[in-house]
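Throughout, a chain's letter reflects where its sequence line sits, starting with A, and its residues are numbered from 1.
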Protein chains: 4
Amino acid sequence: MEINKRPTRLGRPPKHEDRNTRERILDAAIELFARQGIAGTSLRQIAQAVGIKESAIYAHFEGKEALCPAIFARFGPPAAVVDELLASDSSTIARSRPEVVLRDMAQRVIARWNEPQARLFLSLLLREGMGGSEALMRPAKQLVLDLLTPIVRQWMEQGLIRKDFPPELLIWEFLAPLTLIRISYWHAQATEEEVELGYRLAERHIDYFLRIALIDKTSNV
Amino acid sequence: MEINKRPTRLGRPPKHEDRNTRERILDAAIELFARQGIAGTSLRQIAQAVGIKESAIYAHFEGKEALCPAIFARFGPPAAVVDELLASDSSTIARSRPEVVLRDMAQRVIARWNEPQARLFLSLLLREGMGGSEALMRPAKQLVLDLLTPIVRQWMEQGLIRKDFPPELLIWEFLAPLTLIRISYWHAQATEEEVELGYRLAERHIDYFLRIALIDKTSNV
Amino acid sequence: MEINKRPTRLGRPPKHEDRNTRERILDAAIELFARQGIAGTSLRQIAQAVGIKESAIYAHFEGKEALCPAIFARFGPPAAVVDELLASDSSTIARSRPEVVLRDMAQRVIARWNEPQARLFLSLLLREGMGGSEALMRPAKQLVLDLLTPIVRQWMEQGLIRKDFPPELLIWEFLAPLTLIRISYWHAQATEEEVELGYRLAERHIDYFLRIALIDKTSNV
Amino acid sequence: MEINKRPTRLGRPPKHEDRNTRERILDAAIELFARQGIAGTSLRQIAQAVGIKESAIYAHFEGKEALCPAIFARFGPPAAVVDELLASDSSTIARSRPEVVLRDMAQRVIARWNEPQARLFLSLLLREGMGGSEALMRPAKQLVLDLLTPIVRQWMEQGLIRKDFPPELLIWEFLAPLTLIRISYWHAQATEEEVELGYRLAERHIDYFLRIALIDKTSNV
DNA sequence: TATGAATGAGCCTTCATTCAT
DNA sequence: GATGAATGAAGGCTCATTCAT
């Protein structure tokens, strides 16, 4: 027999604050997963960061494994580039000068990449390799194929951009260095100086790219 | 898995599998660390891959923590670029045409990057972030500053390469996309197709860069 | 395990599934306790079988411990033999021939033992040993002492039953094999074939016993 | 706990009472499993009974589930009856008087059933229903069919035992009540008085059976 | 009456590590 | 050098229980 009889007072304590425990768990989880890896993070740590007991996590998630899909659903995928572009007015873009559009777009994308959650998600991806780099490149490919290509082609026809490379290649050469900078300097553990260095490198790359790609009408004969 | 896979040398007396247990432990360790992370890999797994018991590892290493420095000492740092260049005859380089030198250098660096151990080491770096990207970029910086810069400057003075960008920038724009390709397609778990795609992208980038950077004497009027 | 499975009564307004949640909890509990043991059954399983949440059980019972007494009160004790005999008309019994009475009694007792709930209760008793066999034998003892003994004694005086054994012993020798059959073949997890085999063995035993105990007047000289 | 209690083997030096941790684990396991059920027993308890830590158990067994097969292999199946009979000289049996043989056999079987390990194993079987009663009856069936039947038949031909029942039935009627006594009074938790009561009931049954089955030559004529 | 969220205890298991052999 | 047995710590998860709603 001996059904567990306990004298101590168990169960839920009378009072507590709410504010969506589920999301607080995910916040703590992505932070710790990004910093220590999934295997290196215990539910105990996550619970402690949230201020609850581990067993309470099971009221919101099936288990440790179920946290990853939930993190993906909440913070990823990082389609920042695409989103940013979609947010812009497509007809306005085509009429603006390329250097304005590209600078503006890059600036906004970079701003997104540097949001805390985006940096955490990037680190998580790189660490756990959940098709990590695959996932990182997919948005860019989508962008090239579906969104930017026609615009760049239009610029080419307008004589604003050099025509001796296919639009896809130009876009890739514009984005790839920025992506490397992101990985190298804008991950979750990056120091202040690294972030700053990244900004400078990005700016330098954009300047370089524009001088390469643009056909400067004013200076031309 | 197949940690022990090596070019099955037929007609050779076996039992020389001993080949220094210490090294076999490190081989198994880097493989598993790269695939599963350090925290996600147990000494039991490593021992099993080697074919010994966990406690035997302690005859060769202080403990789990001592494996990482040993792995670094054995497989890294991946100064592939620098090594490759150092391996070349410096005086010959300056006299060769840039497209030949750069193509040749890139080809050899890429070959190194695709050696199994280099791929494993890259994955380990990315996963554990041991100053991961830092470590990945350091060789390039070293290269730029100490080795390639004077050569490129010489090419500029010879009128072989455009002079409107500083040598460091040009070199960075040459290497950064290759590094991104490495991270994206040449990590340890990359599929055959990913590796192949990486090769194509790298080739395309090199072509692109040479057309950008070179001053084509033949076509010039 | 589909404890709630019942012949889906088509064309009947549902929501009468309520049928006293308390009883449905007990139904599920005895089923699971018999199958898995008390310690091996969680309140969650019981609640799931009933279609409620675990915490709802506490609206009906003090806790897990309180389920056992409630199960006893509802399904046990299995005083089947006594009940059956009490249900018969005592004066009629004495006037009937022993073979008729005993066969009839055995048949009715066996029928009771094979009711689903009786089988579940038996399995629970055996599992948890709540004075298991004690409890199983007590009704028989009661029966012997209080009810059957005088009847058998009367039969002895009438020359219907052999007198060379005390009535208590005869009754015990009649019931013990049946009880063993019950335990072996009529527990909750018994297969169809086991149940059938039990029936055959029981019948064989009854025949055997009657030939042993009866004094056959017709064949006698 | 008295886990180590066994019939002190006289005349043999104890050597080292260390006696293989593996076996001490099994001893503790069967004891606790029989008393509390498998689900109701924690590895902690077993380890504590042995005097080691729970994790040490995993050096000897795969896990909790692996203990049951090991217990079966060590303590079961309880083919006590068959073993006892096989231990006797078959030719001697046939020449002995039935009452001597049967009394002797029953006495030895009962002695076996009352060995501590046999009582523990019985309780475990009943509790966990591992084909519990099935397993309990199988030896008897085997006995009837293969060993005892020919002997009984021989006794019948010698006119020592009544011929109006098939040998199998007689044997079953001899063994079944003993088996019920075993289950009821000789399980692991039985009190001293219960055990004693069982002995008396068994003796009474044997006397009864012999008076039923034997053809008394002396009183005849 | 029933649910959802929470708790503290405990369970099974794995881990890194030690040590005698 | 290598193994088997052991340990203490920790990890993921379940459980009975509580309480506000």
Counting distance only, does the side-chain N/O of C:Glu128 pair as donor-acceptor with the main-chain N or O of C:Leu125 below 3.5 Å? no
Any donor-acceptor pair under 3.5 Å linking the side chain of C:Gln45 with the backbone of C:Ser42? yes
Looking at every non-hydrogen atom in both residues, tell me the closest pair between C:Ala70 and C:Phe61 and how far apart they are. CB-CE2, 3.7 Å
Donor-acceptor pair, distance only, cut-off 3.5 Å: does the side chain of B:Thr41 make one with the backbone of B:Leu32? yes
Nearest nucleotide by nearest heavy atom, which residue falls closer to the 5' end of DNA chain F, D:Ile57 or B:Ile57? B:Ile57
Which residue in the set B:His187, B:Glu31, B:Gln189, B:Arg35 passes side chain to side chain contact (heavy atoms under 4.5 Å, CB included) when paired with B:Leu120? B:Glu31
d(CD, D:Gln48; C1', E:dC11) in whole Å: 14 Å
Tabulate atom names and distances for all N/O pairs under 3.5 angstrom spanning the protein and nucleotides 12-16 of chain E.
residue : atom : partner : partner atom : Å
E:dC12  : OP1  : D:Lys64 : NZ           : 2.8
E:dC12  : OP2  : D:Leu43 : N            : 2.8
E:dT13  : OP2  : D:Tyr58 : OH           : 2.6
E:dT13  : OP2  : D:Lys64 : N            : 2.9
E:dT13  : O5'  : D:Tyr58 : OH           : 3.1
E:dC15  : OP2  : B:Arg44 : NH2          : 3.4
E:dA16  : OP1  : B:Lys64 : NZ           : 2.8
E:dA16  : OP2  : B:Leu43 : N            : 2.8

Rounded to whole Å, how long is the line connecting atom CD1 of D:Ile52 with atom P of F:dG8? 12 Å
d(CZ, D:Phe61; P, F:dG4) in whole Å: 16 Å
Closest to the C:Thr21 side chain, choosing from E:dT3, E:dA2, F:dA2: E:dA2
Looking at every heavy atom in both B:Ile52 and B:Ala56, which two are closest together, and how far apart are they? CD1-CB, 3.9 Å
Per atom distances to the A:Ala59 side chain, the nearest of E:dA5, F:dA6, E:dG4 is E:dA5
Residue pairs passing the salt bridge (Lys or Arg N to Asp or Glu O under 4.0 Å) test where at least one lies in residues 60-73 of chain B, sequence neighbours excluded: none
Backbone N/O of D:Ala188 and side chain of D:Ser123: donor-acceptor pair under 3.5 Å: yes
Atom-pair distance (CD1 on D:Ile25; P on F:dA5), nearest Å: 10 Å
Assert: residue with more 5' nearest nucleotide on DNA chain E, out of A:His60 and C:Ala56, is C:Ala56
Say whether, by atom type as modelled, one donor and one acceptor occur between the side chain of C:Arg127 and the main chain of D:Leu126 under 3.5 angstrom. no
Rounded distance (Å) that lies between atom P of E:dT1 and atom CZ of C:Arg24: 13 Å
Taking Watson-Crick (N1-N3 plus N6-O4 or O6-N4) and G-U wobble (N1-O2, O6-N3), each under 3.5 Å, can you produce the dot-bracket string of DNA chain F? Use [ ] for crossing pairs and | for inter-strand ones. .||||||||||||||||||||
